[in-house]
Amino acid sequence: MKPLHFTAQYRVPPQWPAAARDRGEVPAMFANRPWPAAVPGRPVGEELLRSFAADEQVVMTSAHCLLPLRSLG
């Protein structure tokens with residue numbers, strides 16, 4: 001089975017990096033169900049991303065973790 005690769009980029013508000021530096025970690029959520037509206041290699045708009053990530057079922061069934069902050073570079 002060929003491994004899948006994941007790339008995501010999102011411009012965050014300026015206060016987010018400052019909060020991450022203060023805390024030393026960032027929260028992450030990994031959905032364990034497919035996102036039918038997303039197409040590999042195509043950009044996803046903020047509203048579409050927000051509608052998926054804020055969906056109650058997605059939030060309730062996702063893995064949640066805190067990632068240690070190593071760099072904001």
Side-chain angles (χ1 to χ4, degrees):
M1 182 176 197
K2 186 177 179 178
L4 301 175
H5 296 278
F6 169 76
T7 301
Q9 296 178 1
Y10 179 75
R11 288 201 191 278
V12 298
Q15 63 270 27
W16 286 17
R21 271 192 288 276
D22 290 346
R23 292 186 180 127
E25 61 193 14
V26 293
M29 183 176 87
F30 298 93
N32 64 7
R33 69 176 190 145
W35 186 8
V39 176
R42 289 198 186 152
V44 174
E46 185 173 344
E47 283 304 314
L48 187 57
L49 173 61
R50 187 183 315 268
S51 70
F52 179 75
D55 180 270
E56 185 177 351
Q57 286 293 43
V58 172
V59 173
M60 299 281 292
T61 60
S62 292
H64 298 256
C65 64
L66 292 173
L67 302 173
L69 182 64
R70 299 193 191 277
S71 169
L72 287 174

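The analysis underlying the following values was restricted to heavy atoms, covering all of them including side chains, and did not include hydrogens, waters or symmetry mates. As the structure is a prediction and not an experimental result, all values here were calculated from the model.
Hydrophobic clustering (ILVMFWY, side-chain heavy atoms < 4.5 Å, transitive): V12 and L48 are in one cluster. In the hydrophobic clustering of ILVMFWY residues, with side-chain heavy atoms under 4.5 Å counting as a link, F52 and V59 come out together.
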Output a table of donor-acceptor pairs, distance under 3.5 Å, between side-chain atoms of residues 26-44 and any protein atom two or more places apart or on a different chain; print 'none' if there are none.
{"unit_1": "N32", "atom_1": "ND2", "unit_2": "T61", "atom_2": "O", "d": "2.8"}

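Contact detail for P14 and P17: the closest heavy-atom pair is O-CD, 3.2 Å.
When the side chain to side chain donor-acceptor pair (under 3.5 Å) test is applied to R50, the partners found at least two apart in sequence or on another chain are E46.
Residue E56 qualifies as open at atom CD: its count of foreign heavy atoms under 6.0 Å is 12 or below.
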